[in-house]
2 protein chains.
Amino acid sequence: MFHLGLVPGRAWGALLCQLLRPPRTVCVRAVGCHGQVAEAVLTSQLKPHQEKPNFIIKVPKGTRDLSPQQMVVREKILDKIISCFKRHGAKGLDTPAFELKEMLTEKYEENLRLMYDLKDQGGELLSLRYDLTVPFARYLAMNKLKKMKRYQVGKVWRRESPTIAQGRYREFCQCDFDIAGQYDPMIPDAECLKIMCEILSGLQLGDFLIKIIWTLLERALIDRTLGLLTLSSQVNDRRIVDGMYAVCGVPESKFRAICASMDKLDKMSWKDVRHEMVVKKGLAPEVADRIGDYVQCHGGISLVEQMFQDPRLSQSKLAVEGLADLKLLFEYLTLFGIAEKISFDLSLARGLDYYTGVIFEAVLLQLPAQAGDEPLNVGSVAAGGRYDELVSQFDPKGHTVPCVGLSIGVERIFYIVEQKMKTSGEKVRTTETQVFVATAQKNFLQERLKLIAQLWDAGIKAEMLYKNNPKLLTQLHYCENMGIPLVIIIGEQEQNEGVIKLRSVASREEVTVKRENLITEIQKRLSEC
Amino acid sequence: MFHLGLVPGRAWGALLCQLLRPPRTVCVRAVGCHGQVAEAVLTSQLKPHQEKPNFIIKVPKGTRDLSPQQMVVREKILDKIISCFKRHGAKGLDTPAFELKEMLTEKYEENLRLMYDLKDQGGELLSLRYDLTVPFARYLAMNKLKKMKRYQVGKVWRRESPTIAQGRYREFCQCDFDIAGQYDPMIPDAECLKIMCEILSGLQLGDFLIKIIWTLLERALIDRTLGLLTLSSQVNDRRIVDGMYAVCGVPESKFRAICASMDKLDKMSWKDVRHEMVVKKGLAPEVADRIGDYVQCHGGISLVEQMFQDPRLSQSKLAVEGLADLKLLFEYLTLFGIAEKISFDLSLARGLDYYTGVIFEAVLLQLPAQAGDEPLNVGSVAAGGRYDELVSQFDPKGHTVPCVGLSIGVERIFYIVEQKMKTSGEKVRTTETQVFVATAQKNFLQERLKLIAQLWDAGIKAEMLYKNNPKLLTQLHYCENMGIPLVIIIGEQEQNEGVIKLRSVASREEVTVKRENLITEIQKRLSEC
């Protein structure tokens, strides 16, 4: 909170400034924790003739405070996630909230407009981090690390249109686990999926499914994209179009038009997109259907086997390689006992621009709302994938460090758990206080202060009221409200006899304990509950 | 990490964009983790005739990554601090990294230029939070809370000239504890000082002293400042100057000039400031000396008693009230057993603009460097104070919520602990892995995967190498390097006999364990170490 370097001599100047400041007329709009908006106008009594632009008391759009109740739930969820990351041998890492803008701009392409930039106040141009993956890649390249298994938990910022009701925010927390390094194929990828399963099972959010989105077409394209780095532009264009021809047969002249149609798949059904391709863009129906075949496929390991038989795909060396990897992945997932949680999905879905291989996304199947409640719609709760070329974009020599990782969407999980708790009426304690120091008598503040210091020094979590002469009932009510299990009661009689009364808040039973045995007795009681 | 809403159909468009992007010529300057700067120029082979502005791989000025080693140390320190906050009954709170700019601008006055503003990208004007105190006050006012004991741990940002060598950064972590509410005088204030002592003792940083800076003059001024809210400007000015006269006798005509001199006390000695006041500003030497008396005083409870006798101070009702509070505070500190850690300092020091009463600051006395080492200079390690008027600045009706709180300067503590560890050569484990799954034979990947999944599912922290056929020696070296205590070794023979070998890395002893007893045996071993 406070500025740590207390600056001598600033007092007078600062105060003068304060005194000479113009008076204010303030319009305040208070937004409560549940989003209700109440307006109130405050006009200070002095100098009402001067005006100041109105201001509203609120948090920035798409952000929120976490109340103590929410913090308790949040901490429990984060603890479970971090435990799982540590169970898999991950090291912790922290990176700054903002990066040099130029570190980020090349990585997000389409999402650039969603990045929060800092104002140019002289010096470097900065942007708030958009995820934890690009900073991780930057860290690896900057420190010339060829491998690392790390987790990171932290806030990221995106200027999206927030849908706060469904747990979407502009400021949100991400929990990432990534494996960087050149390893034998699919072993780290399988571990990432195992971690996702462990976390989602552990959080008891109900049944879930992880969709593997193996973008075969895309993979072929990406392999060609990477070719760009070593070949001239003329040759690359040829190769991409070649790739397209080979796999689906889209004519070169229609390529851009068809891309534009494909882009609408997140808003339109495949049927409508196909219609546009064929009727408006003049694509041969059979070519559109070939694309459609891939877009609409999903299934388990049997689908992989089936794809191997696909006469078109088997013509593409890259597709066959991809399918072999996928088969290997399913083999490992079977050994991990999670194959039935994974569905292979041949849609063309893609999130960020840096994926190079398998992409996966976890969705909840059974929503945890009870019968009669409104169904929860929270979208995916975890996602991840392989990004083998991101680190090389930062590395001075372009060295490649293959990476695969996952991200847990804590905000959405948090939203689900919060809804569950609301439904069940479950209450959370917002403090961990074990003992309350009370008195029924006046002028016992000094004795209470001595007692509570003794408890604190023994590591016992203790509270008292900051009143000289509080009422006993007020003190006991406080304990009941806050769920504090034990109360020490001290008065003149106890003081004279060298004892205290120890009371269980739940049972209201009281025992008399010698002052010298107080700490031992409390520790014994606490270890029992 | 990844964008959670995977957007179908984006693939082609995004890739096309990527392909059509101009090629790059990149100059990279890599900054290593210890700040060394190495330069390397990377010019991609393709299209070298097109240029792109050079970029440097680094973190923004005044920020840093925390490596896994640093994260372990950081977490230990934060755990101790948070435990103490919880021991005192505090609830957790989280607020957004940025606030509406107008929420912050009035609170920091002199430090406004140090605030990080976000770029105006349409919508609200935002600034990164400068501390955790103003967001806390905003939270109280916004939710109409009249009392709250909360802690908050989070990053704050200040555009100061960083002195990184001494643990000063532009992005740094603060650990705050605050008590908001109308209570009997000095009880919460005393608890804040108790908490500071508990934390600094608990972290074993060596001897420390907490300076209480009771700005008597300032307090008189502030009391008058607050008067501003109910009285007209003409009357206020009169009252301030009255206050000044009453306490030190500065002539009204010289007030501004003397303030300007006082402001230099952080750069000049009192002797030089006095000289300027008397020689340049024409202040009567005895008036300057009266100011000087207060500036230079410091001591314990006896000084408080002595001040009561001061003929000048006893004329000021406000000063006498302040001294009475201070006496009460020392009484409580004595009951808490920490009075000898507290020194009363009458300098005019002030950090931020929102203090209204006692201000305190903790400094280390014995620096923990070993003989022969360079002394550590880290400045203050904790600070706090009373700010009774901050919440009312946010409240629509101007309701006052008195507050007192403290902030632990984690970065500086972290710097000291890191230096101590460097000196002692202490090593930290960066992972918590308990068991490693190894094999001496080829083609045992499947069996290792099955085994490790079994460990993970039992909650055991386990790792293996992501290789089809790793060498046994490589695997054992990995365990030694990472400090993993146990290794499971599996081979054909063990497989056939339904057993595994369990090896202690430290003693190199091996025992044979039945597969069905594996988990129980490992759990037993782990509970023993």
Side-chain angles (χ1 to χ4, degrees), chain A residues 1-4 6-13 15 28 40 42 55 57 63 65-66 68 71 86-87 89 91-92 94-96 102 117 119 131 133 142 176 183-184 187 218 259 262-263 265-266 335-336 348-352 380 383 396 407 409 430-433 449-450 453 461 463 466 468, chain B residues 1-4 6-13 15 28 40 42 55 57 63 65-66 68 71 86-87 89 91-92 94-96 102 117 119 131 133 142 176 183-184 187 218 221 259 262-263 265-266 335-336 348-351 380 383 396 407 409 430-433 449-450 453 461 463 466 468:
Chain A
M1 50 177 280
F2 300 91
H3 187 90
L4 287 176
L6 295 171
V7 185
R10 285 288 164 99
W12 295 22
L15 275 164
V28 179
L42 160 72
F55 78 85
I57 303 189
T63 70
D65 298 316
L66 291 181
M71 285 295 282
K86 288 185 175 175
R87 189 157 64 237
K91 303 173 177 183
D94 188 50
T95 64
E102 57 197 350
D117 293 333
K119 193 171 144 185
D131 63 17
T133 313
M142 198 171 110
D176 280 25
Y183 299 114
D184 282 333
I187 312 177
E218 194 177 337
C259 278
M262 289 298 292
D263 252 6
L265 258 182
D266 50 346
L335 291 165
F336 281 163
L348 293 164
R350 234 172 79 100
L352 289 177
S380 70
S407 185
T430 54
T431 66
E432 299 177 7
T433 309
L449 290 174
K450 253 164 77 180
K461 295 167 189 159
E463 278 188 272
Y466 304 121
N468 289 317
Chain B
M1 55 178 273
F2 301 92
H3 189 88
L4 287 176
L6 295 171
V7 186
R10 285 284 164 100
W12 294 23
L15 274 164
V28 180
L42 160 72
F55 78 85
I57 302 189
T63 70
D65 297 317
L66 291 181
M71 284 295 282
K86 287 185 175 175
R87 191 157 63 237
K91 301 172 179 183
D94 188 49
T95 64
E102 58 197 351
D117 293 333
K119 192 170 145 187
D131 62 17
T133 314
M142 198 170 110
D176 279 25
Y183 298 114
D184 282 333
I187 312 178
E218 194 177 336
L221 277 171
C259 278
M262 289 298 293
D263 251 8
L265 258 181
D266 50 344
L335 291 164
F336 281 162
L348 293 164
R350 236 172 78 100
S380 69
S407 185
T430 54
T431 65
E432 299 177 8
T433 309
L449 290 174
K450 251 163 81 179
K461 295 167 189 159
E463 278 187 270
Y466 304 122
N468 289 318

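The analysis underlying the following values was restricted to heavy atoms, covering all of them including side chains, and did not include hydrogens, waters or symmetry mates. These figures come from a predicted structure and were not determined experimentally.
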Could you state the interatomic distance from [atom1] ([X]) to [atom2] ([Y]), rounded to the nearest 0.5 Å?
{"X": "B:Leu449", "Y": "A:Phe336", "atom1": "CG", "atom2": "CZ", "answer": "4.5 Å"}
{"X": "A:Lys86", "Y": "B:Thr431", "atom1": "NZ", "atom2": "OG1", "answer": "10.0 Å"}
{"X": "B:Lys91", "Y": "A:Thr430", "atom1": "NZ", "atom2": "OG1", "answer": "4.0 Å"}

| note | With chain B, the option among A:Leu335, A:Ile187, A:Asp94 that has the most non-hydrogen atom pairs under 4.5 Å is A:Asp94

| field | Backbone of A:Asn468 reached by a side-chain donor or acceptor of B:Asp184 within 3.5 Å | value | yes

| task | Return the set of residues passing side-chain hydrogen bond (donor to acceptor under 3.5 Å, both in side chains) with B:Thr95 (not counting sequence neighbours), or none when no residue passes. | result | B:Arg129, B:Gln152

| With a 4.5 Å limit on heavy-atom distance, are the side chains of B:Thr433 and A:Arg87 in contact? | no

| note | Tightest non-hydrogen contact, residues B:Tyr466 and A:Tyr183, listed as O-CB, 3.4 Å

